[in-house]
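What follows is a short report on a single structure.
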Amino acid sequence: MTVVGVVGSGVMGVGVAQNLAQDGYEVILVDRTDEILSGARHAIARNCRMSRLLGGPALDPDEILARITTVVGVAALDKADFVIENVTEDWDVKRQVHQELDAVCAPDTVVVVNTSAIPITKVASLHARPERVIGVHFMNPVPAKPVVELIPGFHTSARTVERTGELLRGIGKKAVHVKDSSGFVSNRVLMLTVNEAAFLVHEGVATAEDVDEVFRGCFGHPMGPLETADLIGVDTILQSVQVLYDHYADSKYRPCPLLKQMTDAGLHGRKTGRGFYRYDPS
């Protein structure tokens, strides 16, 4: 039985853990406190109950949760075949986590970096065995999105790419291979779009509702860019845009001041009940 460690139990970590468990993998879900992990288990149970209503498969929450062990700290990952890291897009946080993973993971463990914009080679530089580090950019909500970006770093070995591809196929994902470049394909485009949409609201050109209606009605998008920002997390959008701006030193990636203000105010989108829109806390 393949054992997969999942580090970080936020929106993405919960989705990754659920997707792995519902496809039969044993999961070790790691975070900083028992309280956070308890919340993650409740979120997974809720997502399983809602799955059928949202067009997904019928899932038994107890069966899924039976395959997920929650643990505080990364020490328990010494027996994992894969570790998928999903912590916030903050380099200082990522650096600390990967230094800890390098100290505890077995020599043949594949370390998967789930990041929106941080280059994989930069993360791999923190590991004594950078050939086993690879990027996979999962989309949100993870169980419902069939495509991921697969990003080898400079030192990633062919065997690591092969093993990761096998894991992804095992959870129903099609991997699109992308070269290691900050933002990869999806977020080089998406973050610019969301950031510019936020500027339209910031400058009073249009309301969030009207911006999204243009994208839904004119282009056939199922969600507008600001609805998407709320789904991803306004704070995560800001961090990703900032990473792109820092990496490329190009003014086209300058973060919109409204994103900064909303992040400081705690208006992070669906996960906090309010972002560009308000949400029912239930």
Side-chain angles (χ1 to χ4, degrees), residues 1-52 56-87 97-98 100-115 127 129 132-146 148 150 156-157 159-175:
M1 175 64 68
T2 299
V3 177
V4 184
V6 176
V7 181
S9 62
V11 173
M12 293 303 294
V14 160
V16 170
Q18 177 190 322
N19 202 157
L20 288 160
Q22 72 187 47
D23 284 298
Y25 291 89
E26 294 296 322
V27 178
I28 303 172
L29 180 59
V30 172
D31 215 310
R32 292 175 287 116
T33 68
D34 287 321
E35 182 180 7
I36 293 172
L37 291 166
S38 176
R41 293 186 72 86
H42 284 298
I44 291 169
R46 182 180 64 247
N47 293 346
C48 290
R49 289 191 296 269
M50 294 293 291
S51 176
R52 187 73 177 270
L59 300 173
D60 181 345
D62 292 333
E63 181 181 344
I64 300 302
L65 287 170
R67 299 194 187 103
I68 301 174
T69 302
T70 53
V71 180
V72 173
V74 301
L77 301 179
D78 59 338
K79 299 294 192 298
D81 301 290
F82 290 84
V83 171
I84 303 176
E85 172 271 304
N86 312 271
V87 302
V97 167
H98 279 274
E100 293 174 0
L101 290 175
D102 184 55
V104 302
C105 288
D108 59 347
T109 300
V110 171
V111 178
V112 176
V113 187
N114 181 14
T115 175
H127 288 261
R129 291 173 288 274
R132 65 181 180 148
V133 179
I134 191 168
V136 176
H137 182 203
F138 291 91
M139 308 299 160
N140 184 35
V142 176
K145 299 294 184 179
V148 300
L150 180 65
T156 304
S157 69
R159 178 58 179 152
T160 296
V161 174
E162 180 184 0
R163 289 180 63 194
T164 306
E166 291 171 355
L167 177 69
L168 292 171
R169 287 190 292 274
I171 60 172
K173 304 302 184 196
K174 177 181 179 180

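Computation of the quantities below employed the complete heavy-atom set of this structure, encompassing side-chain atoms and omitting hydrogens, waters and symmetry-equivalent molecules.
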> Looking only at atom types and distance, does a side-chain atom of Ser51 sit under 3.5 Å from a main-chain N or O of Pro57, one as donor and one as acceptor?
Replying inline: yes

> What's the spacing between Lys145 NZ and Asn140 CG if we round to 0.5 Å?
Replying inline: 8.0 Å

> Any sub-3.5 Å donor-acceptor pair from Arg41's side-chain atoms to Ile68's backbone N or O?
Replying inline: yes

>> Going by the rule side-chain contact (heavy atoms from CB on, under 4.5 Å), which residues pair with Thr33 if we only count those two or more places apart in sequence or in a different chain?
In response: Glu35, Ile36

>> Strictly by side chain to side chain donor-acceptor pair (under 3.5 Å), give each pair with a member in residues 59-68 just once, sequence neighbours left out.
In response: Glu63-Arg67

>> Test: side chain to side chain donor-acceptor pair (under 3.5 Å). Region: residues 10-31. Which pairs qualify, not counting sequence neighbours?
In response: Ser9-Asp31, Gln18-Gln22, Asn19-Asp23, Asn19-Lys173

> So which of Asp108, Asp81, Asp102 actually passes salt bridge (charged side-chain N to carboxylate O under 4.0 Å, His left out) with Arg132?
Replying inline: Asp102

>> Any side-chain to backbone donor/acceptor pair from Thr164 onto Thr160? Under 3.5 Å, distance only.
In response: yes

> When you check the gap from the basic side-chain N to the acidic O, do Arg163 and Glu166 get nearer than 4.0 Å?
Replying inline: no

> Rounded to the nearest 0.5 Å, how far does CG of Leu29 lie from CG of Leu20?
Replying inline: 10.0 Å

> If you count the non-hydrogen atoms of other residues, nucleotides and ligands that lie under 6.0 Å from CZ in Arg159, is the total more than 12?
Replying inline: yes

>> Show the nearest heavy-atom pair for residues Phe82 and Thr2, with the distance to one decimal.
In response: CD1-CG2, 4.0 Å

> Just by modelled atom types, is the Val104 backbone N or O under 3.5 Å from a matching donor or acceptor in the Asp78 side chain?
Replying inline: no

